[in-house]
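Presented below is the structure to which this report refers.
Ligands are counted one by one from 1 in listed order, and the atoms in each one are counted from 1 as well.
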Amino acid sequence: MKFGGTSMAGTERIRRVANIVRKQQARGHEVAVVVSAMAGETDRLVNFCREANALYDPAEYDVVVASGEQVTSGLLALTLQSLGCKARSWLGWQLPIHTIEAHAKARIESIDADELIASMQRGEIAVIPGFQGLSEDNRVTTLGRGGSDTSAVAVAAAVHADRCDIYTDVDGVYTTDPRIVAKAKKQKAVTYEEMLELASVGAKVLQTRSVGLAMKEGVRVQVLSSFVGEDAIPADDLPGTMIVSEEEMNELVEKGEMERQHVTGIAHDKNEAKVILTRVPDKPGAVAHIFEPLAKAAINVDMIIQNVGRDKGETDVTFTVPQADLARAQALLEDKRDEIGFNRIITDSKIAKISVVGVGMKSHAGVAATMFKALADRGINIQAISTSEIKVSVMVDEDETELAVRVLHTAYGLDAKDEAA
Ligand code: ADP
Ligand code: ASP
Ligand code: MG
């Protein structure tokens with residue numbers, strides 16, 4: 001069971017969580033619980049790091065930001081004890097959860113789960129702070145924003161759990177962020193592949209890596225709400241959204257429990273920034289000089305456009321990087337100014353990426369055309385485009401994010417029918 005930040009925000013909500021956990025144990029389950037920091041806490045800690053040192057050392061950043069989860073894991077263990085349950089916390093370094101050294105975006109390598117399993121078998125509820133790990137050189141690491149989902153899936157795999165229930169502040173995965181589109185529809189099931197793509201383009205309901213890991217390890221994942229009353233449908237009856245394989249999805253479609261759609265979801269991402277390098281030499285090797293230093297610094301580049309060359313053998317190169325990496329990317333590129341040979345760096349954080357996702361696209365043409373037309377009809381300008389087999393993304397002005405998402409949701413026929421209460 002994993003509980004996100006909103007579910008853990010304050011002692012009252014932690015008590016509600018403790019009750020959900022206690023009930024699940026009372027149904028005969030052995031439970032491990034993974035928790036996030038209280039909502040807003042990680043942002044607060046990240047800001048402290050920025051204030052202390054704008055070009056902060058990621059290893060020390062991890063020491064700071066991992067603390068939010070330490071607090072909530074201890075508080076949940078205490079609350080469970082107050083309800084008469086046996087419970088204890090296991091910090092990332094205590095299990096340990098081994099990760100690679102990439103600070104602030106570490107990847108889990110393995111979890112030593114023997115003691116954890118033994119403790120669960122003794123009837124103790126294991127409370128594990130999400131987001132945290134331990135590097136090979138014995139330093140605290142964190143898994144990247146939203147990483148508690150991945151901790152939960154990794155723990156589920158390590159203890160061979162029947163299911164990994166991700167409790168959050170919405171009751172499942174919707175056709176788009178229900179906070180933006182009131183007519184978004186809750187899905188009974190979503191395939192791993194679609195969820196992976198949706199997460200990677202900004203549907204933050206699950207961290208991308210958690211979906212990839214669940215797919216690889218065959219972990220059954222359900223997304224459901226922790227904001228429920230005493231009479232809620234038990235998690236075992238699957239009231240949320242299940243992440244399923246394509247075969248399971250086909251069965252659901254055959255049984256008439258799911259509809260096949262070309263587009264299953266729309267996501268947006270405001271956390272990227274655009275970088276333009278002007279007057280880069282238009283010759284072989286030029287873009288390699290730009291992206292090599294970024295790759296070495298583990299900065300992910302997403303959309304890339306190399307504009308048509310000008311007469312003087314020069315061209316502009318536009319790409320996006322995570323906003324959090326923008327300052328470092330800029331510094332790295334400035335360092336290589338002579339080698340790359342550009343004129344100016346122009347950056348813009350006021351952009352958003354809007355993506356439509358669906359496995360149906362593999363066999364259905366026209367999804368991109370519908371997107372471009374719907375946006376054009378509303379006067380929304382597209383600054384860049386990228387596609388994959390099951391996704392089309394466009395870059396737009398950040399101020400137009402909500403409008404673009406709503407327009408596309410309607411254009412693909414995803415709006416829930418107006419239902420009388
Ligand atoms: P937690 O703190 O529980 O990890 P997050 O804030 O990370 O929660 O993720 C839950 C949020 O994801 C929801 O509140 C919702 O606004 C957002 N979200 C974005 N896209 C979707 C979607 N397609 N379906 C459901 N929620 C979504
Ligand atoms: N607390 C971390 C974050 O806000 C991890 C998580 O909540 O999943 O990114
Ligand atoms: Mg989250």
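Closest to atom 8 (O) of ligand 1, if we only count protein heavy atoms, is Thr168 OG1, 3.1 Å. The protein non-hydrogen atom at the shortest distance from atom 25 (C) of ligand 1 is Gly172 O, 3.3 Å. Protein heavy atom in closest approach to atom 24 (N) of ligand 1: Tyr174 N, 2.9 Å. Taking atom 6 (C) of ligand 2 as the reference point, the nearest protein heavy-atom neighbour is Ser148 OG, 3.3 Å. Scanning all protein heavy atoms for the shortest distance to atom 7 (O) of ligand 1 gives Lys204 O, 3.4 Å. Closest to atom 16 (O) of ligand 1, if we only count protein heavy atoms, is Asp177 OD1, 2.7 Å. The single protein non-hydrogen atom nearest to atom 7 (O) of ligand 2 is Ser36 OG, 3.0 Å, given as residue, atom name and distance.
Open room surrounds CG on Asp114; 12 or fewer heavy atoms of other groups in view lie less than 6.0 Å from it. Atom CZ of Arg13 sits in a crowded spot, with more than 12 heavy atoms from other residues, nucleotides or ligands closer than 6.0 Å.
Here the straight-line distance linking atom CD of Gln330 with atom CD1 of Ile346 works out to 11.0 Å at 0.5 Å rounding.
Residues Glu272 and Thr320 bring a donor and an acceptor atom of their side chains to less than 3.5 Å of each other. Judged purely by distance below 3.5 Å, without hydrogens or angles, the side chains of Gln187 and Thr241 never pair a donor atom with an acceptor atom. Residues Ser67 and Gln70 bring no donor and acceptor atom of their side chains to less than 3.5 Å of each other. No side-chain N or O of His103 forms a donor-acceptor pair with one of Thr142 less than 3.5 Å apart. A donor-acceptor contact closer than 3.5 angstrom is absent between the side chains of Ser210 and Asp149. Side-chain N/O atoms of Thr208 and Ser200 include no donor and acceptor closer than 3.5 Å. For Ser89 and Ser73, the side-chain atoms include no donor-acceptor pair closer than 3.5 Å. A side-chain N or O of Gln24 and one of Asp236 form a donor-acceptor pair less than 3.5 Å apart.
Close approach to Val173 involves these atoms of ligand 1, each under 4.0 Å from a residue heavy atom: 24 (N). Those atoms of ligand 1 that come under 4.0 Å of a heavy atom in Gly5, given as number and element, are 1 (P), 2 (O). Using a 4.0 Å cut-off to heavy atoms of Gly4, the atoms of ligand 1 that qualify are 1 (P), 2 (O), 3 (O), 4 (O). Of all atoms in ligand 2, numbered sequentially from 1 with element shown, those under 4.0 Å from a heavy atom of Thr42 are 1 (N), 2 (C), 3 (C), 4 (O). Atoms of ligand 1 found under 4.0 Å from any heavy atom of Lys2 (numbered from 1 in listed order, with element): 4 (O). Less than 4.0 angstrom separates some heavy atom of Pro178 from each of these atoms of ligand 1: 24 (N), 25 (C), 26 (N), 27 (C).
Between Lys270 and Glu398, no side-chain nitrogen of the basic residue sits less than 4.0 Å from a carboxylate oxygen of the acidic one, so the salt-bridge criterion is not met.
For Gly146, the closest heavy-atom approach to ligand 2 falls below 4.0 Å. Using a non-hydrogen distance threshold of 4.0 Å, Glu69 registers as a contact of ligand 2. Residue Gly147 places a heavy atom less than 4.0 Å from ligand 2.
At under 3.5 Å, a nitrogen or oxygen of Arg179, whether backbone or side chain, sits near a nitrogen or oxygen of ligand 1. In terms of polar-atom proximity, Thr175 is not counted as a contact of ligand 1, lacking any N or O under 3.5 Å from an N or O of the ligand. The distance criterion of under 3.5 Å between nitrogen or oxygen atoms is met by Arg145 with respect to ligand 2.
With a 4.0 Å cut-off on non-hydrogen atoms, Val170 touches ligand 1 through its side chain and not its backbone.
Across Thr176, Asp169, Val223, Leu206, heavy-atom proximity to atom 11 (C) of ligand 1 is greatest for Asp169.
Residues Gly4 and Lys2 come closest through the heavy atom pair CA-NZ, 3.6 Å.
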